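Computed from a predicted structure; not experimentally measured.
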Amino acid sequence: MNAPRGVRLAYTVMSPEADERQEFAYDGPFAEAIRRLADIGYDGVELQVASPAKLDAERLVRELSGVGLAVAALATGPLAAGGASMCEVEPAAREAVLGQLRTLVDRAAVLGTRVSLGRILDNAPDRTVDPRDRMEQTARMLRELADYGDERGVRLLVEPQNRASTDLVNTIDDARTLIAATGRANIGVIGDTYHLALTEGSAVEAFESAGPLLEHVQFGDTGRGSPGTGDMPFPDVVAVLDRLGYRGWITLEHAQDRGDRTAELSYQFVSSLSLVGQGER
């Protein structure tokens with residue numbers, strides 16, 4: 001099997017200012033996490049950011065460069081968990097969310113990375129509001145954020161998620177529609193194997209349909225277990241990435257289901273697909 005060339009591997013980690021850990025992030029303190037992941041062989045981390053204003057990006061650059069890691073993306077999962085929604089219509093609440101996201105873009109500019117947007121694209125306080133109206137509100141905020149990011153050289157990433165999280169952006173076509181509604185070119189798509197297998201029936205076919213919009217990939221097995229513990233056809237996933245000429249990051253985002261060896265065993269599994277070591281540290 002021919003593997004994608006130039007791919008770099010990251011692991012999901014809570015950012016240093018976060019007080020609570022999400023279940024799909026490395027289980028341990030930040031300093032321990034980056035040392036351990038670097039020792040295993042990872043190229044970078046995808047940071048779940050709880051408070052953009054409290055994230056010290058300059059210090060983070062020093063700490064990560066000290067162990068040879070980069071930042072694949074800054075993620076908004078904790079903001080969504082706290083109730084932030086990009087389809088918020090109440091003016092003060094909307095400005096508060098947009099302010100947090102602009103600050104996150106500022107941090108991403110310092111770190112030389114992207115901002116990923118998943119559940120926060122919807123996360124509506126009132127799910128009875130027509131999805132078309134929610135999509136319009138989300139597109140409006142995404143457009144404003146894209147303009148802010150473009151001025152700072154930061155790209156945005158839209159992640160389709162399964163229907164337990166949202167009924168707004170579930171598929172690659174949904175993401176494509178949202179991006180088109182903004183009219184902006186600095187927005188790409190995240191393809192998460194776990195979510196897309198649920199919403200599209202096949203992560204492989206979903207990746208194929210994304211084509212050049214695919215700018216970031218996340219690996220999680222069926223049931224959101226670590227790769228190799230379920231039925232996800234990862235060899236086929238790797239093959240389609242190769243056909244697409246994908247050269248970006250792959251983040252391991254899944255349950256910490258094998259204790260303190262989860263990150264190591266996930267790395268070993270993905271290494272068996274000949275992905276690791278193709279990129280530049």
Side-chain angles (χ1 to χ4, degrees), residues 49 52 73-77 79-81 83-106 108-109 113-192 195-196 198-201 203 205-218 244 246 248:
V49 180
L74 298 182
T76 52
L79 297 180
S85 168
M86 290 181 69
C87 62
E88 178 64 67
V89 294
E90 197 281 318
R94 182 184 186 280
E95 284 305 309
V97 173
L98 185 56
Q100 285 185 301
L101 293 176
R102 284 172 172 159
T103 301
L104 193 60
V105 166
D106 291 337
T113 192
R114 296 86 48 82
V115 170
S116 75
L117 306 161
R119 177 181 161 195
I120 198 171
L121 292 166
D122 184 12
N123 206 34
D126 183 1
R127 290 286 288 272
T128 65
V129 174
D130 191 302
R132 291 170 295 185
D133 294 333
R134 282 186 274 136
M135 182 71 86
E136 182 179 345
Q137 290 297 327
T138 295
R140 178 185 166 205
M141 186 180 292
L142 185 59
R143 184 183 305 115
E144 292 179 53
L145 190 64
D147 288 343
Y148 189 83
D150 191 50
E151 294 170 357
R152 290 154 181 80
V154 173
R155 295 189 65 80
L156 308 180
L157 302 169
V158 169
E159 181 186 0
Q161 295 190 349
N162 74 76
R163 289 174 178 82
S165 297
T166 176
D167 61 356
L168 198 64
V169 183
N170 301 123
T171 66
I172 296 297
D173 279 347
D174 291 338
R176 183 179 286 112
T177 297
L178 174 60
I179 293 169
T182 70
R184 300 300 184 262
N186 61 325
I187 310 172
V189 168
I190 296 175
D192 183 304
H195 285 297
L196 291 174
L198 289 174
T199 63
E200 305 253 25
E205 293 179 7
F207 283 8
E208 194 87 68
S209 72
L213 270 181
L214 187 67
E215 295 189 14
H216 191 79
V217 171
Q218 293 173 340
L244 291 171
Y246 181 74

(request) Check the pair R119 / T166 against side-chain contact (heavy atoms from CB on, under 4.5 Å), numbers first and verdict last. (result) CA-CA 7 Å; R119 177 181 161 195; T166 176; 5.9 Å; no
(message) Apply side-chain contact (heavy atoms from CB on, under 4.5 Å) to residues M86 and L101 and explain how you reach the verdict.
(response) CA-CA 10 Å; M86 290 181 69; L101 293 176; 3.8 Å; yes
(request) For the pair R140 and E136, evaluate salt bridge (charged side-chain N to carboxylate O under 4.0 Å, His left out) and give the outcome as yes or no after the intermediate values. (result) CA-CA 6 Å; R140 178 185 166 205; E136 182 179 345; over 6 Å; no
(message) Could you walk me through whether V154 and Y148 satisfy the side-chain contact (heavy atoms from CB on, under 4.5 Å) test, starting with their C-alpha distance in whole Å, then the side-chain angles of each, then the deciding distance to 0.1 Å, before giving a yes or no?
(response) CA-CA 8 Å; V154 173; Y148 189 83; over 6 Å; no
(request) Check step by step if side-chain contact (heavy atoms from CB on, under 4.5 Å) holds for L142 and V158. (result) CA-CA 10 Å; L142 185 59; V158 169; 4.1 Å; yes
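Of the inter-residue distances, the one linking N186 atom CG with L157 atom CG reads 10.0 Å to the nearest 0.5 angstrom. One finds the CG atom of D133 at 11.0 Å from the OG1 atom of T138 (value rounded to the nearest 0.5 Å). Taking CG of L104 as the start and CZ of R114 as the end, the distance is 13.0 Å to the nearest 0.5 Å. With values rounded to the nearest 0.5 angstrom, T177 atom OG1 is found 11.0 Å from I172 atom CD1. Distance check, rounded to the nearest 0.5 Å: CZ of R152 to CG of D106 gives 5.5 Å. Atoms CE and CG, from M135 and D167 in turn, are 9.5 Å apart once rounded to the nearest 0.5 Å.
In this structure, L79 and Q100 have side chains that are in contact, with non-hydrogen atoms separated by less than 4.5 Å. V189 places a side-chain heavy atom less than 4.5 Å from the side chain of I179. Counting heavy atoms from C-beta outward, Q161 and D192 have side chains that stay 4.5 Å or more apart. The shortest distance between side-chain heavy atoms of M141 and R94 falls below 4.5 Å.
Contact between L121 and L168 at its shortest, heavy atoms only, is O-CD2, 3.7 Å. Considering all non-hydrogen atoms of both residues, L244 and F207 come closest at CD1-O, 3.4 Å. Across T113 and L74, no two heavy atoms sit closer than the pair CG2-CG, 3.9 Å. N123 and I120 get closest at one heavy-atom pair: CB-CA, 4.3 Å. Between A181 and A139, the shortest heavy-atom contact is CB-CB, 3.9 Å. Of all heavy-atom pairs spanning R102 and L145, the tightest one is N-CD1, 3.9 Å.
A distance-only check finds a donor-acceptor pair linking the side chain of D174 to the backbone of N170 [under 3.5 Å]. Formation of a donor-acceptor pair under 3.5 Å by the R155 side chain with backbone atoms of A185 is found in this model. Distance alone, capped at 3.5 Å, places no donor-acceptor pair between the R134 side chain and the D122 backbone.
Checked options H195, E215, Q218; the residue passing with I190 is Q218 (criterion: side chain to side chain contact (heavy atoms under 4.5 Å, CB included)).
By the neighbour-count criterion of 12 heavy atoms within 6.0 Å, atom CD of E208 is densely surrounded, having more than that number from other residues, nucleotides or ligands.
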